[in-house]
Student: 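Dumping the structure here so I can ask a few things about it.
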Amino acid sequence: MNGLQSLSNDLALAVERAGRAVFAVNGRARLGSTGVHWRPGLVVTADHTVHVDEEVTITGPDGRALTARVAGRDPTIDVAVLKVDAPGVAVADVADSDAVRVGHIVLALGAGPRASWGVVSSMGEGRMFHLDLTLYPGFSGGPLVDPQGRVVGINTSGASRHWQLAIPAAAVNRVVDELQRRGRIPRAYLGVSTQPVRLPEPVRQRLNLDQQTAVIVVEVQSGSPAAAAGLTIGDVIVSLGATRITDPTDLKSTLRPDRVGESITASVLRGGEPRDLQLTVGERPRRS
Amino acid sequence: MNALIDIAALAEQLRRVTVEVTDAGELLGSGVLWPAGCVVTNAHVVRRPEATLRLVDGRCLRARVLARDAEADLALLGVPGTGLPAATLAEPDTVRIGSFVAAVGHPLGVRGALSTGIVCAIGPIERNGRSWIQADLHLAPGNSGGPLADAAGSIVGLNSRAAGPLALAVPMSVVTRFVHAARV
């Protein structure tokens, strides 16, 4: 057998292995999506494909239809977790996604299973994987699989119009850990509304900032963590903890569920002068 | 690295058994040199009773359509002469999802172009439709009737059309059934 035949066998075996933990998810009207049996009784899928808030029908690799319940969501990284009683369905072999490098061969799986392949094209914000492969209709929420059949991420075509993306397994694990620890996925909350703003060149030079843009606070909700920290309208947030904030999306993706309760330093410009404010990340009040 | 060298050898192997199907100088599509002196292509490639086949060595042969099945999108042409190379055929229904596949054809008039990918799925693309080998591989007009081969170079299907980025190939089981029926 030559190298190509052996690669071909590996890929087919990887699809077979990973496919045992793949569900079809019927969480929206027209097009179904895919989910991964991440831990016993917990199926991870792409949040944007689950339009219902309570019960979802999912179909296992054996064709059995099961009723799942939405256990939690993290829209900041497009992950939803469904709770289901699925005895006999294999649990995915989740690998260390930090070992994934640009250029690695990966497979994307959809329910069925269906498969496509390509390479990791680049690393995006928060180590999101940019993929050079086709995510076919219904592939969102499905596993990104390495040639050994291990799951290294969750694919989503919903997070960007320009890229095929995968959420690294490490980020999915953080969300699932939170769910198992607290019984729900909290939504991190600061209580500000912001807009992007261009940093004037003299300010950038004086303060030695290499970013072109930041966000300006246009609203502070009373009683919020932002208000408690003394943040006011007109403050320009340059960074939060170690993360540069260049637009409101950066702010949103920094506020992961596991940061609730964490104290972080916000570097702001007030009247052109830098100052650091200490913020405690709160939890978004739940709708009653 | 070995796998990459093997792809180049595979492309050469497939080019030897892939013909250009033309008529009055116009490229109609691709075809596969089948064992026992015939060529299999798509029915939509050959609409007239005869066509000209151009081999990889530049030889041109006039061929007659022996059988057509528009529904299966298959046609069988008889080739005069002997000593022609012939494709190696895979056992029907042995192809696995995720396995490597390669297509050779003449997309948009580019001779002997290779595209590679994996088997995405096997089955219909619409409810109650016919079964296809669906490959995650790029096809263009001119690929029709050309071979879809596995990593060993054995033919697993006949490329028929594209559905967006997905290649649809007639599975080997359907092709062999058609060829057997046509020869009786």
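Throughout, a chain's letter reflects where its sequence line sits, starting with A, and its residues are numbered from 1.
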Student: Side chains of A/Gln5 and B/Asp150: closer than 4.5 Å at any heavy-atom pair?
Tutor: no
Student: Going by heavy atoms in the side chains, are B/Asp136 and A/Tyr136 under 4.5 Å from each other?
Tutor: yes
Student: In terms of heavy-atom pairs under 4.5 Å with chain A, which of B/Cys120, B/Ala9, B/Ala121 leads?
Tutor: B/Cys120
Student: Just so I know, are the side chains of A/Val15 and B/Val119 near enough to count as touching, which here means a heavy-atom distance under 4.5 Å?
Tutor: no
Student: In terms of heavy-atom contacts, does CZ of B/Arg54 have more than 12 from other residues, nucleotides or ligands at under 6.0 Å?
Tutor: yes
Student: Quick check against the 3.5 Å criterion: does B/Asp6 have a side-chain atom that pairs as donor or acceptor with the backbone of A/Gly3?
Tutor: yes
Student: Check A/Asn2 against B/Ala151 and note the closest heavy-atom contact, atom names and distance.
Tutor: ND2-O, 4.4 Å
Student: Evaluate whether atom CZ of B/Arg64 has more than 12 neighbouring non-hydrogen atoms of other residues, nucleotides or ligands under 6.0 angstrom away.
Tutor: no
Student: About how many Å separate CG of A/Leu11 and CZ of B/Phe100, when rounded to the nearest 0.5 Å?
Tutor: 9.5 Å
Student: Measure the spacing between CG of B/Leu166 and CZ of A/Arg114 and express it to the nearest 0.5 Å.
Tutor: 8.5 Å
Student: With a 4.5 angstrom heavy-atom cut-off, is it the side chain or the backbone of A/Leu109 that approaches chain B, or both, or neither?
Tutor: neither
Student: Are there more than 12 heavy atoms of other residues, nucleotides or ligands under 6.0 Å from atom NE2 of B/His138?
Tutor: no
Student: Where does B/Leu10 contact chain A at under 4.5 Å (heavy atoms): side chain, backbone, both or neither?
Tutor: side chain
Student: For A/Gln180, does the CD atom sit with more than 12 other heavy atoms under 6.0 Å from it, leaving out its own atoms?
Tutor: yes
Student: For B/Glu91, look at atom CD and say whether over 12 heavy atoms of other residues, nucleotides or ligands are found less than 6.0 Å away.
Tutor: no
Student: With only heavy atoms counted, which part of A/Asp10 is less than 4.5 Å from chain B, the side chain, the backbone, both or neither?
Tutor: neither
Student: In Å, rounded to the nearest 0.5 Å, how long is the span from CG of A/Leu13 to OG of B/Ser99?
Tutor: 11.5 Å
